[in-house]
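Read through the structure below, which is laid out as structure tokens, and then see the notes.
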Amino acid sequence: MYRTHTCGALRMEHVGNRVTLTGWVQRIRELGGMTFITLRDRYGITQLVFDEHAPKAVTDLLPELGREFIIRVSGQVRERSSKNPAMPTGDIEVSPDEMEVVNRSELPPFLIENETDGGEELRMRYRYLDLRRQVLRDNMMLRHRMAQEIRTYLDQHAFVEVETPFLIKSTPEGARDFVVPSRMNPGEFYALPQSPQTFKQLLMIGGYDRYFQIVRCFRDEDLRADRQPEFTQLDCEMAFVDQEDVLNTFEGLAKHLFQVVAHYDYQDRFPRITYDDAIGLYGTDKPDLRFGMKIADITREVQGQGFKVFDQAEYIGGICAQGCADYSRKQLDQLTEFVQRPQVGAKGLVYVKYNSDGSFKSSVDKFFDPDRFQQWARLMNAQPGDLMLILAGAREQTLSALGMLRLEMGSRLGLRDPEKFAPAWIVDFPLFEWDPDQQRYTAMHHPFTSPKDEDVGLIDKDPANMRANAYDFVINGVEIGGGSVRIHTREMQEKMFEALGISKSEAQEQFGFLLNAFRYGAPPHGGIAFGFDRWCAVMGGSDSIRDYIAFPKNNAGRDLMINSPAPISKEQLRELQIKLANGSDTG
RNA sequence: GGUCCGGUAGUUCAGUUUGGUUAGAAUGCCGGCCUGUCACGCCGGAGGUCGCGAGUUCGAGUCUCGUCCGGACCGCCA
């Protein structure tokens, strides 16, 4: 027998028991006459003590041991004479009278400790060693818990888990597809799904009125720190529902997960913010609501006073940074540099210090008198001691820059507490987005999204102002999920394709199966898909989804551990009837 | 497709601005001492293709060009 207990199990109540443990050697501490070894497994760490009670056969083995050796020990559980309150097993230790080296280990290339010395690349190459660290293990456990709780909750709410195919068909809309050649159908290719979108709609038409799936999705686009070429979605769809039904159902799920996974009690209804309000008040469609600092539109109040920058701007807005009136020249310069970075894109920054004595000091004192500043302060909700930060320019870019400045100030002021969760629904998204490159409208969410009933009439004359029955779920400024109530009539879907500039024949070729299905009594339906990796990361208080994926890829889409992608053999290429453009036959 | 940052001991990094004696630190590793450690402590030691290739120079970790690898971002990602 390898073990009677795990390395996280033993407590005071086990004192006196004879136990057997097997685990990895975490650390060896020799003190001359005695030796301590900490033994680790998935469940925890237990201290072993080797002193004068240990048989010679056991102590003789000690010099051979090293980090990450697997050893099996048997012995008495003892109460420690000096306890370690920082360890769950810190009250006890095991005094082995038998020991066996189960497997030796080479010295690992980095320290397998909570504070590792390993760099990103090395840890990716030896991911199986990194996974031994408690940090990663906790993340994997959180992910596991999330998945289990999702299944439990949705099962209780009559959802059916159905798997959909991975080898499907490439579609022109959306992201670039990963493609798989078909040996049996030379010259033809499958595509891997970007999401099970059409299949879940077909399941609704198939009568499975509540579906979910925790499913891998694939997008062949350039990556970022928080983007992977394959990622996991919690994909859901419901029939005979309207938007409110969907939101309420998944608000319930989110609350359940907050409670059970993060032990975070969120009683209130999640705020629902329209897309227009989100943009106008936070400068983004995924606002971080852990703090206020709303953007105030002060365009009307500041124009016509002879300050050219303001007078020529389409939009002027500001935020109030509480208690920052004492910012130094240097700090203000830093903020100016921040907003001028290309990603933020503002021309400059106007500041107004509302000093604690009630006076004002600003970068535009020449143009405005204190009464004006008083008025601005009212609009921005500024009190004495606060700092008003103002940007001017084209409305959309300026709001976006203000949104980024708001996040920056939130971070500086410590208002973005990773222990806190601020969820929100963003609703009433526009139906279309104008694509200046292609000179046509594209679907903001996707082409199966239904318009608001009252906006349907606009489809021919003013598509830009049509709103969709589409919604996003946001936590702490991170987009966690999004969905919509779908179109369920063939007529509306055809109109939609027409508005998107997709011809009848193209539509028939790409989505004929869905259009055909709409002929046979398609129920009204809607759904939502969550970025599961991201949701796990947010629940764990982290920005990095890589830390919540057991075997992630790097920013070039490579797996540094197995070194993929890799060339395939001549033989494989021949079977697939594929010739490489560069003429080489690889291998 | 583009921009930026990095590559020096097993590992994490300093040294590159201003080219010049034997390339340093911490940690890990090895040896010695140590009976209550838990990031144990103390003493000693080993450990380097300065990513790779070319060039400039009397002389290159340091300057130039190329290249490979890693990271961040823009475009892209409904």
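A, B, ... follow the sequence lines: proteins, then strands. Residue 1 opens every chain.
Residue A:Arg80 is classed as a base contact, given a heavy-atom separation below 4.0 Å to a base. A:Gln194 comes within 4.0 angstrom of sugar-phosphate atoms only, judged by non-hydrogen atoms across all strands, and of no base. Note on A:Phe110: nothing from the nucleic acid sits closer than 4.0 angstrom, heavy atoms only. If you check every strand for non-hydrogen atoms under 4.0 Å, A:Met124 touches nothing. As judged by a 4.0 angstrom heavy-atom cut-off over every strand, A:Gln343 is placed among residues touching the sugar-phosphate backbone only.
Using P as the reference atom, B:U67 and B:C4 are 15 Å apart when rounded to the nearest Å. Distance check on atom P: B:G59 versus B:U12 gives 34 Å, rounded to whole Å. When the C1' atom is used for both B:G45 and B:G55, the distance is 41 Å, rounded to whole Å. Comparing the same atom, C1', in B:U11 and in B:U64 gives a spacing of 32 Å after rounding to whole Å.
Atom CG of A:Leu65 and atom P of B:C29 are 13 Å apart (whole Å). Atoms CZ (A:Arg224) and C1' (B:G75) sit 8 Å apart, rounded to a whole Å. Per the geometry, CG belonging to A:Leu107 stands 16 Å off P belonging to B:U27, to the nearest Å. Summarising the geometry, the separation between CZ on A:Phe69 and C1' on B:C29 is reported as 13 Å, rounded to the nearest angstrom. Residue A:Glu64 contributes atom CD, which lies 12 Å from atom P of B:G31 at whole-angstrom precision. Rounded to a whole Å, the CD1 atom of A:Ile45 is 10 Å from the C1' atom of B:C38. Between the CZ atom of A:Arg558 and the P atom of B:C68 there is a distance of 13 Å, rounded to whole Å. In this structure, the NE2 atom of A:His446 is 16 Å from the P atom of B:C77, given to the nearest Å.
Taking the side chain of A:Pro109 as heavy atoms from C-beta on, and the options B:G36, B:G10, B:G71, the nearest nucleotide is B:G10.
With respect to A:Arg18 and A:Asp97, a salt bridge is recorded, a charged nitrogen being found less than 4.0 Å from a carboxylate O.
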Where do N or O atoms of nucleotides 50-52 of chain B meet protein N or O atoms at under 3.5 Å, pair by pair?
none

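Tested against A:Phe518 for a side-chain contact (heavy atoms from CB on, under 4.5 Å), the candidates A:Glu491, A:Glu494, A:Gln201 yield a single pass: A:Gln201.
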For residues 396-407 of chain A, please give each side-chain donor-acceptor pair under 3.5 Å, one per line with the distance, not counting sequence neighbours.
unit_1, atom_1, unit_2, atom_2, d
A:Thr398, OG1, A:Gly393, N, 3.2
A:Thr398, OG1, A:Ala394, N, 3.4
A:Thr398, OG1, A:Ala394, O, 2.6
A:Arg406, NE, A:Gly292, O, 3.0
A:Arg406, NE, A:Met293, O, 3.2
A:Arg406, NH1, A:Asp288, O, 3.4
A:Arg406, NH2, A:Asp288, O, 2.8
A:Arg406, NH2, A:Phe291, O, 2.7
A:Arg406, NH2, A:Gly292, O, 2.9

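A:Asp533 contributes no side-chain N or O that, together with a main-chain N or O of A:Phe231, makes up a donor-acceptor pair within less than 3.5 Å.
Aromatic ring centres of A:Phe36 and A:Phe50: separated by at least 6.0 Å. Under the 6.0 Å cut-off for aromatic ring centres, A:Phe69 and A:Trp24 do not qualify, their centroids lying 6.0 Å or more apart.
Ring orientation note: the planes of A:Phe513 and A:Phe511 are tilted relative to one another, at an angle of 30° to 60°.
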